[in-house]
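Everything numeric here is computed off the predicted structure, so don't read it as measured data. All residue numbers refer to positions in the sequence shown, counting from 1.
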Amino acid sequence: MELTFTILTIVVLLLSILPIFNWSHWTVRSMDFPRLQLTLIFSCVFIGHLLLLGPNKPESIVRLLVLFACIVWQLWWVLPFSPFWKKEVHSSNSREAADTIKVITANVLTTNRESQKLIDLVREYQPDILVTLESDQWWQDQLDCLEDELPFTVKCPLDNLYGMHVYSKLEILEGKLNYLVQEGVPSVKANIKLKSGRIVKAYFLHPAPPSPTENEESTERDAELVIVAREIAKDNSPTIVTGDLNDVAWSKTTRLFRKISGLLDPRVGRGMFNTFHASYWFMRWPLDHMFHSEHFTVSNIKRLPNIGSDHFSLFTELQLSPESKSNQDGLDSTKEDREFASEVIDKEKAKNE
């Protein structure tokens, strides 16, 4: 029994320590995802040890201390995305419709054929912007019926799981498709004109994930996020970033993105809003995101019902409230963060040379 718990404690320690290192291989980076699930598993091991062996020997006490430390470490990453934490973004006190922007972010799953479910959600929630990911020509043909309500569009139908479409009620003054890191993996940058006439910069992203079937390392994903973060940091304009980042809200990479860009996460202090995987309640984490500059407060954020995809859609309603800028603080970058961001870019450049 003691040998079993010794082995379990070593496994728990490895699962906790490995993601600390800047190793970009998918086997390491994937450990960032199930931190909540790991917390529950580690807690079961801890309780099992207490019940079956107890702290009756020095080595038992050491194992229990290691297990407890690993549980606390996992919780450190995920607790900010719970109602027990201070809200990073204030709730909006204003309902000035002219300065409101409502967005539905939907990874539709290319092979999904239940398009009417998404169309019904759009007509129910009346977003100003619908951004779809994994949308191919079939999805474009189905969603074009929304152009009477959302007439401004940027369309990039692809059958490689990286198609992207933007349908907007608000005028898109500039909508540009970019391939920042990988051919065939687009992003969209747009200037959106609110009803009040104010301009909001918007980035719609879907970088490729680190996985055994795509990129073995996270370099491409990480580099795209750093490139966008650096661009945002140079401009003090009201800005939103949304999409499926193929990364969780609490990961080292996403935190680096927030530190470099200066953007806020409205989920901090409100909840995880886990959008993937829609079919498995016990294996869910937040892959679809909305980040924004400190110019905004949040009126509403919620996960929408299943549309037949492996992702739930995310609905966010933001209020442009420049007076709130001095009262909202996100994550600050350090010299080490900026150096690491440069290393990410350099590593990606070296791969392409």
Ignoring hydrogens and geometry, is there a side-chain-to-backbone donor-acceptor pair from [X] to [Y] under 3.5 Å?
X: His277; Y: Phe282; value: no
X: Glu134; Y: Thr110; value: yes
X: Thr275; Y: Ser313; value: no
X: Arg221; Y: Pro210; value: no
X: Trp26; Y: Ser218; value: no
X: Gln328; Y: Phe296; value: yes
X: Ser60; Y: Asn56; value: no

Validation: residues 75-84 side-chain donor-acceptor distances under 3.5 Å, sequence neighbours left out:
from: Ser82; atom 1: OG; to: Leu79; atom 2: O; distance (Å): 2.5
from: Ser82; atom 1: OG; to: Phe84; atom 2: N; distance (Å): 3.3

Below 3.5 Å, can you tabulate the donor-acceptor pairs from side chains in residues 198-208 to any protein atom, sequence neighbours excluded?
from: Arg198; atom 1: NH1; to: Asp99; atom 2: OD2; distance (Å): 2.9
from: Tyr203; atom 1: OH; to: Glu231; atom 2: OE2; distance (Å): 2.9
from: His206; atom 1: NE2; to: Asp244; atom 2: OD2; distance (Å): 3.3

(message) Applying side chain to side chain donor-acceptor pair (under 3.5 Å), can you list everything that pairs with Glu214, at least two apart in sequence or on another chain?
(response) Tyr162
(request) Applying side chain to side chain donor-acceptor pair (under 3.5 Å), name anything that partners Thr39, two or more places apart in sequence or on another chain. (result) none
Heavy-atom side-chain proximity of [X] to [Y] below 4.5 angstrom:
X: Pro286; Y: Trp250; result: yes
X: Leu320; Y: Thr100; result: no
X: Phe340; Y: Lys335; result: no
X: Asp337; Y: Arg255; result: no
X: Arg338; Y: Lys259; result: no
X: Met272; Y: Leu36; result: yes
X: Leu225; Y: Thr253; result: yes
X: Thr297; Y: Leu318; result: no

Identify the heavy atoms of [X] and [Y] that sit nearest to each other, and give their distance.
X: Ser187; Y: Glu224; result: CB-OE2, 3.9 Å
X: Lys117; Y: Asn306; result: CD-O, 3.8 Å
X: Trp285; Y: Val248; result: CB-CG1, 3.6 Å
X: Leu304; Y: Tyr125; result: CD2-CZ, 3.5 Å
X: Lys169; Y: Pro127; result: CE-O, 3.7 Å
X: Trp139; Y: Leu109; result: NE1-O, 3.6 Å

(message) Centre-to-centre under 6.0 Å for Phe291 and Phe257, is that the case here?
(response) yes
Within the 3.5 Å criterion, strictly below it, is a donor on [X] or [Y] matched to an acceptor on the partner's side chain?
X: Gln182; Y: Asn215; value: yes
X: Arg35; Y: Ser16; value: no
X: Thr105; Y: Thr242; value: yes
X: Ser309; Y: His311; value: no
X: Asp32; Y: Ser251; value: no
X: Ser342; Y: Arg230; value: yes
X: Lys252; Y: Asn22; value: yes

(request) Mind checking the CD1-OH spacing from Ile172 to Tyr167? Nearest 0.5 Å is all I need. (result) 11.0 Å
(request) Could you tell me the separation between the CG atom of Leu130 and the OG atom of Ser135, rounded to the nearest 0.5 Å? (result) 8.5 Å
Using a strict 4.0 Å threshold on nitrogen-to-oxygen distance, state whether [X] and [Y] make a salt bridge.
X: Arg258; Y: Glu88; answer: yes
X: Arg123; Y: Glu149; answer: yes
X: Asp144; Y: Lys155; answer: yes

(message) Run the side chain to side chain contact (heavy atoms under 4.5 Å, CB included) test against Asn300 and tell me which residues pass, sequence neighbours left out.
(response) Lys302, Phe315, Glu317
(message) Tell me every residue that passes side chain to side chain contact (heavy atoms under 4.5 Å, CB included) with Phe5, counting only those two or more places apart in sequence or in another chain.
(response) Met1, Leu8, Val45, His49, Leu52, Leu53, Arg63
(request) In sequence, state the C-alpha distance, the side-chain angles, and the governing distance for Asp136 and Gln140, and then conclude on side chain to side chain donor-acceptor pair (under 3.5 Å). (result) CA-CA 6 Å; Asp136 58 5; Gln140 178 176 308; over 6 Å; no
(request) Determine the sole option in Leu67, Leu18, Val66 for which the side-chain contact (heavy atoms from CB on, under 4.5 Å) test with Leu13 is passed. (result) Val66
(request) Using the rule that two of Ile, Leu, Val, Met, Phe, Trp, Tyr join whenever any of their side-chain heavy atoms come within less than 4.5 Å, decide whether Ile119 and Trp138 are in one cluster. (result) yes
